[in-house]
Number of protein chains: 2
Amino acid sequence: MKSKTGVTPIDRPSLHAQLVDRLRELLLEDAFPPGSKIPEADLCQSFAVSRTPMREALKVLASEGVVQLVPNRGAWVADIDIEELEAGFPVLAALEALAGKLACARITDTEIAKAEKHTKAMAAFFKSGDRRAYFRENEAIHRLILEAAANPILSQQHEALAVRLRTGRFKANEDQARWAQAVEEHEAIVSALRERNADLLSKLLETHIENKFQALIRMVRQG
Amino acid sequence: MKSKTGVTPIDRPSLHAQLVDRLRELLLEDAFPPGSKIPEADLCQSFAVSRTPMREALKVLASEGVVQLVPNRGAWVADIDIEELEAGFPVLAALEALAGKLACARITDTEIAKAEKHTKAMAAFFKSGDRRAYFRENEAIHRLILEAAANPILSQQHEALAVRLRTGRFKANEDQARWAQAVEEHEAIVSALRERNADLLSKLLETHIENKFQALIRMVRQG
DNA sequence: TGACTGAATTATGAATTCATAATTCATTAT
DNA sequence: ATAATGAATTATGAATTCATAATTCAGTCA
């Protein structure tokens, strides 16, 4: 805390910044199906803003790869195909592996304890079959590792890519076998974290992502 | 070629897309020093556009991290500090390592021949002391590996990060010892590429980037 | 002389307007 | 009935306008 009073500046985000966040969430929730047109005018109405900030926001999202802008024909929800998944997952795996390596060097005992708590919760939600809750814990643990890595640029790149790959379509649909495997993998991950074994954790995270990708491909191929 | 006639659509990029590219180049060339204010009005004049596309472009560049937008106070050239370099380089190294691994699996003999040509040219420019020409060959070889990896998402993430880290300030300033070392490293890199030794190439690229970073830090610390 | 106040100026964020491009739809000709 | 044409409608890209926030600067007072 810098100032003596502890008073922080009033947060005054610009419209376009807020729109970027809200739109990204909307798109991740599949409010508009991938490949469909984004109804700019309707959105302006819904958010009660004019076209200027909305279009600024769409351009930022386009640079992130979440939407696609076709000149003179508007904005479309970027459609992820298998090729894009195939390209994206190795990159995601490399970033997570790096996060694991860095995290080992800096993670505190408190954070490790938290990771263990999340892992236990995951196992519990797996047993009770609560996919949504499991998914939340899963995200929490990966976020924890990213945060422990304490590398803002890594976090940012990871976030950008994860957002791009994680459309609702591919969200929480793993078959039972894969789900069980994922739980096991997480046990191993948290154990490597506890031992602060950077090389092992790095490797585990990489194969974890790789396996998730393989499972996803199977799902997509089957429909 | 899809159509029988071979006629391709007329390229009609929007103003903001062109501005993004031109501004990024300007900023990389240190047309405005890091940390300085970006004179929006002047730029509009220079490019003969109105504020709307210019501001759209600045917002895209802000999401890339090249400029910083302060609400109600305009756009500033993002200043890279040592912490950011420290955070960015491991990520860059991981991405290059992945690129090397993927490239080994797909690179053609023709591409390898090109890589060898670039490496020879680099050595020659090193001997003649032509830093600028050396730098170009260096970029060409790294680009070649990225392209051989044939992973558009990897290319995109790499590009975004490289742009962010490579301000003119840190551009072509290596001391003689580091320069000689870099030339050697490149010989090893192209040799691993020739043998399509994925693990070795991956490792070599990682340490190559790591060494470059160390040299940079030394330069910055000295001034 | 130097620090404070507040008016004038300038810059910024956002809405609106305008020109042009794309799309839709009715009309016509086959 | 169907395809082609062109007018009407709608959407998009970009410029302009407008309200508000920030900055500058002259004037005032200690």
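Within every chain, numbering begins at 1; the chains are lettered A, B, ... in the order of the sequence lines, protein sequences first and strands thereafter.
In this structure, A/Arg178 CZ and A/Gln214 CD are separated by 10.0 Å, a value rounded to the nearest 0.5 Å. Distance check, rounded to the nearest 0.5 Å: CG of B/Leu98 to CG of B/Leu146 gives 9.5 Å. Atom NE2 of A/His158 and atom CD of A/Glu96 lie 3.5 Å apart (nearest 0.5 Å).
Here the P atom of nucleotide C/dA22 and the CD1 atom of B/Ile10 are 10 Å apart, to the nearest Å. Rounded to a whole Å, the CD atom of A/Glu56 is 13 Å from the P atom of D/dG13. One can place CZ of A/Phe47 at 20 Å from P of C/dG13, the figure rounded to the nearest angstrom. Atom CG in B/Leu15 sits roughly 17 Å away from atom P in D/dT12 (whole-Å rounding). C/dT12 atom C1' lies 15 Å from atom CG of B/Leu43, rounded to whole Å. Rounding to whole angstrom units, CD of residue A/Glu40 and P of D/dG13 are separated by 7 Å. For the pair A/Met54 CE and C/dA15 P, the computed distance is 10 Å after rounding to whole Å. Nucleotide D/dA15 holds its P atom 13 Å from the CZ atom of B/Arg55, rounded to whole Å.
Here B/Arg12 reaches the OP1 or OP2 of C/dA22: one of its side-chain N or O atoms lies under 4.0 Å away. Within the 4.0 Å cut-off from OP1 or OP2 of D/dT12, at least one side-chain nitrogen or oxygen of A/Lys37 is found. For the pair A/Arg73 and D/dG13, the criterion of a side-chain N or O lying under 4.0 Å from OP1 or OP2 is not met.
The side chain of B/Ser50 sits closest to D/dA14 out of D/dA14, C/dA14, C/dA15. The side chain of A/Arg51 has D/dT12 as its nearest neighbour among D/dT12, C/dA15, D/dA15.
At a cut-off of 3.5 angstrom, counting only N and O atoms as typed in the model, there is a donor on one side and an acceptor on the other between the side-chain of A/Thr52 and the base of C/dT16.
Place A/Asn72 and B/Asn72 on DNA chain C by their nearest nucleotides, and B/Asn72 ends up nearer the 5' end. Remark on DNA chain D: of its neighbouring residues B/Ser14 and B/Pro71, the 5'-side contact belongs to B/Ser14, judged by nearest-heavy-atom nucleotide.
Residue contacts for B/Lys59: at a heavy-atom cut-off of 4.0 Å it reaches no nucleic acid atom on any strand shown.
Taking both residues in full, the closest heavy atoms of A/His16 and A/Pro53 are given as CB-O, 3.8 Å, listed atom of the first, atom of the second, then distance.
Proximity of a side-chain donor or acceptor of A/Asn151 to a complementary backbone N or O of B/Ala87 within less than 3.5 Å is detected.
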